[in-house]
Student: 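Sharing a structure here in structure tokens format.
Lettering of chains follows the sequences in order, A, B, ..., and the numbering in each one begins at 1. Source: prediction; values computed, not measured.
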Number of protein chains: 2
Amino acid sequence: MPDRLHRYKADIFQALAHPTRVAIVEALAGGELSAGQLIERLGLEQANASQHLAVLRSKRVVETRRAGNQVYYALRDPVLADVLALLRDYFFAHFADIADLNTALRG
Amino acid sequence: MPDRLHRYKADIFQALAHPTRVAIVEALAGGELSAGQLIERLGLEQANASQHLAVLRSKRVVETRRAGNQVYYALRDPVLADVLALLRDYFFAHFADIADLNTALRG
DNA sequence: TGCGTATATTCGCATATTAATATATAGTTG
DNA sequence: CAACTATATATTAATATGCGAATATACGCA
């Protein structure tokens, strides 16, 4: 009974199921950035960043625009930024402070 | 620069990064259900369902209540149902029909 | 064309996820 | 306690994901 739509949704979630990709999407919530800018801001390895960006591309989370030598990335839909905002609320609702969260998720 | 919060968020996304778990969470959006009810409704194998429920438990997406022989599952926070609702909008915004979506995500 | 910069892809390897099967535990009832 | 129902866990094998190093591609410019 998990059908195609469930698979599509799971694909989106999987695209976001890595801390680096979450960081990338959050960075892009403020507007488009080139791959190089993302690498610099987030302190990523070039190849690693490129791989994560490939995942986000393949799951259609981001779209790209080439400007000369650079490739600019942007969120395909700001709703994904909203999703992240909802999650922020989720954390605040359930965990008084980060230590609790730490214990809850790791313990 | 992907920090702890990014990791926590990624954990939640990973919890939802499987079609069966998406189906479970959507089913629970309508209210608590026992493991057995979920298995029946979604047509799951018992062990498989239990493993996916274990993932949802470990990531704190669901909480459980034992009533005699049965274990009832409920969403820990309805915000996750909201997240899924947002995703539904996302799909409608970007894909005229399911065939397009199919092509986009698989092709 | 050849060089430099920006980005993407490939490869090898370690770790993680998944499904299926089998087994174990908790609770209920006789 | 034995038998039964509901749920959970362990094991194994297949597949997927993640990372760093190296290599490849794309573009702009001399």
Student: What is the separation between atom OH on A:Y72 and atom P on C:dA6, rounded to the nearest whole Å?
Tutor: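 Going from A:Y72 (OH) to C:dA6 (P), I get 11 Å.
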Student: Which whole-number value in Å describes the distance from B:Q70 CD to D:dC4 P?
Tutor: 19 Å
Student: Specify the separation, in whole Å, of atom CD1 of A:I39 and atom C1' of C:dA8.
Tutor: 10 Å
Student: Could you work out which one of D:dG20, C:dA20, C:dA8 sits closest to the side chain of B:E45?
Tutor: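 Closest of the options to the side chain of B:E45: C:dA20.
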Student: Distance from A:D82 atom CG to A:D77 atom CG, nearest 0.5 Å?
Tutor: 8.0 Å
Student: Rounded at 0.5 Å granularity, tell me how far CG in A:L16 sits from CG in A:L80.
Tutor: 6.0 Å
Student: Kindly compute the distance separating CZ (A:R41) from CG (A:L33), expressed to the nearest 0.5 Å.
Tutor: 4.5 Å
Student: Using whole Å, report how far CG of A:D11 lies from P of D:dA16.
Tutor: 13 Å
Student: Report yes if the side chains of B:F13 and A:V83 come closer than 4.5 Å at any heavy-atom pair, otherwise no.
Tutor: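 The answer is yes, as the side chains (C-beta and beyond) meet within the 4.5 Å cut-off.
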Student: Please report, rounded to the nearest Å, how far the P atom of C:dT7 is from the CG atom of A:L53.
Tutor: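 In whole Å, C:dT7 P and A:L53 CG are 10 Å from each other.
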Student: Given the rule that I, L, V, M, F, W and Y join up when any side-chain heavy atoms are under 4.5 Å apart, are A:L87 and B:V25 in one cluster?
Tutor: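 Hydrophobic grouping puts A:L87 with B:V25.
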Student: Expressed in angstrom and rounded to an integer, what is the separation of B:L38 atom CG from D:dA6 atom C1'?
Tutor: 13 Å
Student: Hey, which of these two, A:N48 or B:A49, hits DNA chain D nearer its 5' end, going by closest nucleotide?
Tutor: B:A49
Student: Can you check the B:L44 CG to C:dA20 C1' distance for me, whole Å?
Tutor: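 About 14 Å, once rounded to whole Å.
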Student: Nearest to the side chain of B:H52 - D:dA8, C:dT7, C:dA19?
Tutor: C:dA19
Student: Return the CD to CD distance between B:Q51 and B:E45, rounded to the nearest 0.5 Å.
Tutor: 11.0 Å
Student: At under 4.0 Å between heavy atoms, which parts of nucleotides 11-17 of chain C does protein reach? Answer with one letter per nucleotide, 5' to 3': B base, S sugar-phosphate only, - none.
Tutor: ------S
Student: With the side chain counted from C-beta on, respond yes when B:V71 and B:R66 share a heavy-atom pair under 4.5 Å apart, and no when they do not.
Tutor: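 Contact flag for B:V71/B:R66 side chains = yes.
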Student: Separation of A:L42 atom CG from D:dC19 atom C1', in whole Å?
Tutor: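 My rounded result for the distance is 17 Å.
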Student: Hey, what do you get for NZ (B:K9) to CG (A:L86), rounding to the nearest 0.5 Å?
Tutor: 11.0 Å
Student: Classify every nucleotide of nucleotides 22-30 of chain D by which part a protein heavy atom approaches to under 4.0 Å, writing B for the base, S for the sugar-phosphate alone and - for neither, in 5'-to-3' order.
Tutor: B---BBS--
Student: To the nearest 0.5 Å, what is the distance between CZ on B:R7 and OG1 on A:T20?
Tutor: 9.0 Å
Student: A:Y73 side chain N/O closer than 4.0 Å to the phosphate oxygens (OP1, OP2) of C:dA6?
Tutor: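 For C:dA6, neither OP1 nor OP2 has a side-chain N or O of A:Y73 closer than 4.0 Å.
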